[in-house]
Amino acid sequence: MAARRKAARPPRISSRKVAGPPSQVLEVLGYGITALENASARFCVVGGLARGYLAEARSTKDVDLAVSTESEDEVDNLIRSLQSSGFVLRELFQKKDGRVATVRLTWRHLPTRMDLLFRTSGIEQLVVRDAVLMVVLKGVTAPVIRRPHLIAMKLIAARAQDLIDIEALLDAATPAEVKAVPKALAGLVPEKREKANAAWTELLAKRRARKPDLFPAPERLRALQKLPRRRK
């Protein structure tokens, strides 16, 4: 068995407080982070929880984590490690070539799901590699997907809730982050890439028609939020 690499720690940035998910979801997130770090896994928070860290928070009923692995043996070893730490394997989804795409687990008796995304979107390795450390729970930091990469993952999934999430993420995005979205899609297989890029172009066109001032100016907003100091 090949020796596991220790997970590289991403750069740390400041965090915003999540005010949406129920306590049980955050509890499972905490157990998941501990178990993955103990297994030296390379991972980051994605999905609805990540939207809460990167834009306006919303309620979510599960925990989504992208995981980067180099082999199917590494996937199997990680699943066994999580099971030995208290997680229960519920479902396993495979791609046509037999590689694991998604693993669904729960923590002991709790019904909240924790989905590990190995090859669901096709850009898991990229999002994990470029993730940034954020405070996700009181006293707990973990890697969180970057905003352009989360937009890209949601473009690929393209469910109704994903499109709503993209709008919220765009409200918080900088122009540079918006420009970075197509780059995140570049590594997809041609069919997926063309579909996602077409959806992105259409979404931006509709948004520009609806909101001529497409992108916020975070620097100006922060400057205006700073109250002048009173002279003593």
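The figures that follow rest on heavy atoms only: side chains count, while hydrogens, waters and symmetry mates do not.
Between Ile33 and Phe43, the closest side-chain pair of non-hydrogen atoms falls below 4.5 Å. Here the side chains of Leu29 and Val140 are not in contact, with every heavy-atom distance at 4.5 Å or above. Looking only at side-chain heavy atoms (C-beta outward), Leu89 and Phe87 stay at 4.5 Å or farther from each other. Between Val144 and Cys44 the shortest side-chain heavy-atom distance does not fall below 4.5 Å. Counting heavy atoms from C-beta outward, Asp165 and Arg58 have side chains that approach closer than 4.5 Å. Within the 4.5 Å cutoff, side-chain heavy atoms of Leu26 are placed close to those of Leu49. The closest side-chain heavy-atom distance from Arg42 to Glu74 is below 4.5 Å. In this structure, the side chains of Leu150 and Ile166 stay at 4.5 Å or more apart for every pair of heavy atoms.
Around the CD atom of Glu191, the shell of radius 6.0 Å holds no more than 12 heavy atoms that belong to other residues, nucleotides or ligands.
Arg147 contributes a side-chain N or O that, together with a main-chain N or O of Leu54, makes up a donor-acceptor pair within less than 3.5 Å. Panel note: side chain Thr106, backbone Pro111; no donor-acceptor pair is recorded below 3.5 Å. With hydrogens and angles ignored, the 3.5 Å screen pairs a side-chain donor or acceptor of Arg51 with a backbone N or O of Glu56. Side-chain N or O atoms of Glu124 include one that pairs as donor or acceptor with a backbone N or O of Gly122 at under 3.5 Å.
Between Leu65 and the options Leu116, Val128, Val46, Val103, a side chain to side chain contact (heavy atoms under 4.5 Å, CB included) holds for only Leu116.
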Under the salt bridge (Lys or Arg N to Asp or Glu O under 4.0 Å) criterion, do Asp130 and Arg146 qualify, and how do the steps go? CA-CA 7 Å; Asp130 291 349; Arg146 290 182 182 271; 5.4 Å; no

Given Met153 and Leu117, is the side chain to side chain contact (heavy atoms under 4.5 Å, CB included) satisfied, shown in steps? CA-CA 11 Å; Met153 287 189 80; Leu117 314 181; 4.1 Å; yes

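Ala39 approaches Leu78 most closely through the heavy-atom pair CB-CD1, 3.7 Å. Here the shortest heavy-atom pairing between Ile151 and Leu170 reads CD1-CD2, 4.1 Å.
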Could you tabulate the donor-acceptor pairs under 3.5 Å formed by side-chain atoms of residues 199-206, not counting sequence neighbours?
from   : atom 1 : to     : atom 2 : distance (Å)
Thr201 : OG1    : Asn197 : O      : 3.0
Glu202 : OE2    : Lys206 : NZ     : 3.1

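Every salt bridge (Lys or Arg N to Asp or Glu O under 4.0 Å) that Arg159 has, sequence neighbours left out, goes to Asp162.
Separation of atoms OG1 (Thr102) and NZ (Lys95) is listed at 9.0 Å; rounding is to 0.5 Å. With rounding to the nearest 0.5 angstrom, the CG atom of Asn77 is 11.0 Å from the CD atom of Glu72.
When hydrophobic clusters are built by joining Ile, Leu, Val, Met, Phe, Trp and Tyr residues whose side-chain heavy atoms come closer than 4.5 Å, directly or via intermediates, Val45 is grouped together with Leu137. The hydrophobic clustering, which links ILVMFWY residues whose side-chain heavy atoms are closer than 4.5 Å, places Val63 and Val88 apart.
A salt bridge links Asp171 to Arg207: at least one charged side-chain nitrogen sits closer than 4.0 Å to a carboxylate oxygen. Using a 4.0 Å cut-off between a side-chain N of Lys or Arg and a carboxylate O of Asp or Glu, Arg104 and Asp62 do not qualify as a salt bridge.
Taking the six-membered ring for Trp and thresholds of 30 and 60 degrees, Trp107 and Tyr31 have nearly parallel ring planes, at less than 30 degrees apart.
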